[in-house]
Amino acid sequence: MSLIAQIIVNIPARSINKMFSYQIPEPLGNVGVGWRVLVPFGNRRLEGFIVEIIDAESSGLKSIIDILDEGPWFDQHMLTMARWISEHYLCSLAEAMRLFIPGKSGVKSKVLYRTAQWDDPNQAEAYLGKVSPSARLLYESILQQGAVSRTQLEKQFGPQTAKLVQQCLRHQLIRLDYATSQVMRPKLKTVIELAVPAETVEARLQASARYPAQCRLLTALLTKSQLGPDEVRNLGIGHDTVKRLVASGLVTTRQIQIRRDSYAGRRHCPADIVLTTEQKKVLADIIPYINKKQGQSFLLHGITGSGKTQVYIEAVAAVRQAQRQAIVLVPEIALTGQIISRFKARFGDDVVVMHSKLSVGERFDSWQRLRRQQAGIVIGARSAIFSPVVRLGIIIIDEEHEFTYKQEESPRYHTHQIALARAALEDAVVIFGSATPAVETYYHALRQEHKLLTLTARVDNALLPEVTVVDMREELRLGRRSVLSLPLQELLTQTVARREQAVILLNRRGYATFILCRECGHVIRCSHCAASLVYHHAGNLLRCHYCQVTQNVPNVCPKCGSHYIRYFGTGTQKVEEEMAKLFPAARIVRMDQDTTGGKMAHDTIMDDFARGKYDILLGTQMVAKGHDVKNVTAVGILSADAVLNLPDFRSAERTFSLLTQAAGRAGRGNKPGRVVVQAYNPEHYAVLAGLRQDYGLFYQEEIKNRQELNYPPFCRLVKIIVQDKNERKTRQTAERAAADLRGLLGGSHPGEVIGPFTAPVAKINDLYRVIILVKTTNLRAVRDSIRKLDWLNAKEILIDIDPLTTM
DNA sequence: AGCACGCCGACT
DNA sequence: GTCGGCGTGCTC
């Protein structure tokens with residue numbers, strides 16, 4: 001009997017959802033629950049997480065190889081959360097635990113190939129006789145290089161590498177070796193410090209002026225106690241000078257950890273803010289819970305421009321006052337520069353920013369700072385909900401209605417649910433903030449599950465913009481075929497003439513350009529997905545929006561050879577061309593995925609626009625969000641209701657929130673705004689309510705529909721996607737799964753099984769897709785039933801609890 | 001997820 | 001007869 005570590009290996013496959021037991025070797029006796037370790041697994045070495053220590057018979061078990069951190073990575077809360085996630089979302093514990101580590105798989109165990117060693121030197125020749133000439137070449141290449149990685153071998157031997165390696169391995173010519181690299185390490189720099197008292201140095205300086213470089217360095221050290229490598233170099237001092245001084249015992253060098261922070265040194269814009277009466281009232285509701293350390297969730301419903309961010313800042317200040325930490329979540333970090341700079345202005349280095357474009361190193365450093373409580377506030381996209389803050393006081397979810405809070409890959413979690421669970425565990429406050437709350441959130445607020453707080457007045461008392469709707473069917477009847485309706489053209493003309501700025505939003509979904517042959521009607525489609533390819537002006541390419549494959553634009557129709565092929569639909573690029581024709585004098589800038597590829601490209605375009613370098617900003621949904629540009633007085637929304645036609649129960653909600661947000665862009669500051677909305681269904685309640693910025697009207701209609709059709713919040717959904725490269729097999733698996741579910745849910749369990757039906761995009765990446773939908777009022781029961789089914793772990797089956805769309 | 005083992009078609 | 005396809009099963 002001895003201590004055994006129960007370990008979850010970091011492999012994201014539901015099929016190995018279990019623990020493995022390992023011996024704890026003598027030198028690693030201090031490890032315990034929550035540590036990340038390196039373990040042998042099959043013939044590989046993997047990262048593993050210790051989740052339990054038990055006392056049991058240990059013979060025959062392999063041993064932990066090494067530790068990966070200086071202490072436990074997971075604390076008790078994180079472990080509880082991970083278990084909750086794996087149960088709630090039906091994923092493996094490994095998948096859930098990976099959410100809590102930066103860079104998913106922190107350890108990369110790299111395989112190296114070496115030649116085998118024998119006692120008898122002739123042995124190699126004997127084995128070599130048995131393999132093919134190319135395998136012999138491979139062996140010799142490895143012999144020469146000592147140790148070779150797989151990638152290097154593949155460069156030399158191409159696609160047949162695998163076979164050759166197998167051959168050599170089989171005949172014992174080569175063996176595998178492992179080089180384990182730990183990606184996440186603190187970044188260090190060497191600093192130079194005095195090793196003796198200042199007086200000694202001064203004496204030394206007076207005694208000898210013979211070594212000018214040494215004297216310069218010593219003098220510098222008298223004023224600044226620590227010098228980094230850059231500073232030493234700037235003094236014009238080389239390595240040997242430093243070495244000599246170290247040898248003489250006057251100075252020492254030391255390694256210190258430095259912080260990788262791409263936001264460091266950016267300038268911020270502090271502002272003295274007087275809170276409005278409404279803001280004060282809302283805060284008076286929130287802050288007592290923070291001070292009492294009492295868990296409570298709030299929905300902060302505040303119209304655009306009502307100063308929600310300031311409420312967040314004050315609430316976070318109260319949390320920091322109470323020595324606790326804050327997690328602030330934003331839908332997309334690239335679109336949120338203003339929140340970040342306002343938090344930075346108020347809290348300075350207490351804020352760390354977390355997003356997907358951080359290097360693993362930067363992320364690691366930020367996590368360390370939070371864990372050591374050197375930083376108290378983390379701002380980030382949804383994954384920041386997993387930040388290792390130790391004393392959680394508040395979680396803020398800004399623009400809570402945004403779909404980016406749902407992760408669309410396994411584990412398919414919704415940030416709201418994680419936030420509520422985590423906050424409950426640590427008695428923290430949650431604030432969901434939005435001008436257009438998700439119907440479900442608002443419903444829950446009305447049922448007292450969240451406290452509802454409202455901000456109804458704009459901070460700057462700006463007036464609501466004047467909104468005009470253009471019925472595009474009417475435009476067409478009048479013979480106007482331009483994507484820009486006459487009223488919008490007029491608005492733009494006036495705006496540009498007045499030297500004011502305009503934002504044009506193109507709701508591109510469903511309106512991207514595709515290529516069609518006018519002779520035979522053939523549409524160029526992706527060969528791997530059931531979707532048409534989209535034309536991109538940049539690079540003159542066709543791209544599939546599902547699998548990202550690109551191909552060149554053909555000159556003739558690939559089906560009938562006709563030259564009469566042309567572009568259809570309205571992409572941003574096409575609108576840009578048309579606008580350039582209509583307003584040759586206007587300076588137009590386009591912002592979409594094509595133009596914002598770079599790290600800060602989005603910020604750059606936005607900054608330039610804010611500084612008046614352009615008259616018209618044209619773009620996809622990203623132009624609608626979060627930015628205050630005071631000189632924008634006109635907003636045009638093209639095809640405002642495009643998504644209304646999607647067969648999805650949330651399309652009205654999406655339309656309403658887009659319209660409201662976009663219209664809110666106009667007329668901040670003291671200039672009145674004007675908005676032109678182009679729509680094909682201007683009488684739809686989502687459009688009408690959006691135009692009036694009337695959330696109440698929208699909610700009233702929408703909740704009626706949801707109830708009538710039995711959709712959330714009146715039921716919970718479970719979406720099961722079956723995907724397989726064989727079309728018939730996909731169908732069969734789905735039929736069987738649906739039958740199983742009907743069998744389980746038929747009796748006492750309330751649940752309705754819909755489908756299987758073919759997904760709207762029937763094939764993605766060569767995988768056919770069939771969907772089953774379960775509606776239920778007892779999610780727990782449905783989940784427990786599914787867990788019993790034998791196909792749960794099949795890799796063809798994806799399970800989405802509370803999916804955002806039914807498509 | 002890898003990777004080995006194992007069972008059926010086209011090649012030296 | 002062997003090489004090589006990828007279906008199945010295992011990893012403490």
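In what follows, chains are A, B, ... by sequence order, proteins preceding strands, each numbered from 1. Basis for what follows: all heavy atoms, side chains included, without hydrogens, waters or symmetry-related copies. What you are looking at is a predicted structure, and each value in this text was computed from that prediction instead of being measured.
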*Partners meeting salt bridge (Lys or Arg N to Asp or Glu O under 4.0 Å) with A/R382 (sequence neighbours left out)*: none
*Classify the angle between the aromatic ring planes of A/W367 and A/W73 as parallel (below 30°), tilted (30 to 60°) or perpendicular (above 60°).*
parallel
*asked:* Expressed as a whole number of angstroms, how long is the span from A/R45:CZ to B/dA1:C1'?
replied: 18 Å
Got a list of protein N/O to nucleotides 6-11 of chain C N/O distances below 3.5 Å?
from	atom 1	to	atom 2	distance (Å)
C/dT11	O3'	A/G42	N	3.0

*Verify the ring-centre separation between A/Y413 and A/Y405: is it less than 6.0 angstrom?*
no
*Determine which pairs satisfy side chain to side chain donor-acceptor pair (under 3.5 Å) with at least one residue from residues 718-731 of chain A, sequence neighbours left out, and list them in order.*
A/R731-A/T758
*asked:* Check the orientation of A/H414 and A/H416. Use parallel for under 30°, tilted for 30 to 60°, and perpendicular for over 60°.
replied: perpendicular
*Figure out the CG/C1' separation between A/L46 and B/dA1, and round it to whole Å.*
9 Å
*Rounded to the nearest angstrom, tell me the gap between atom CG in A/N17 and atom P in C/dC12.*
17 Å
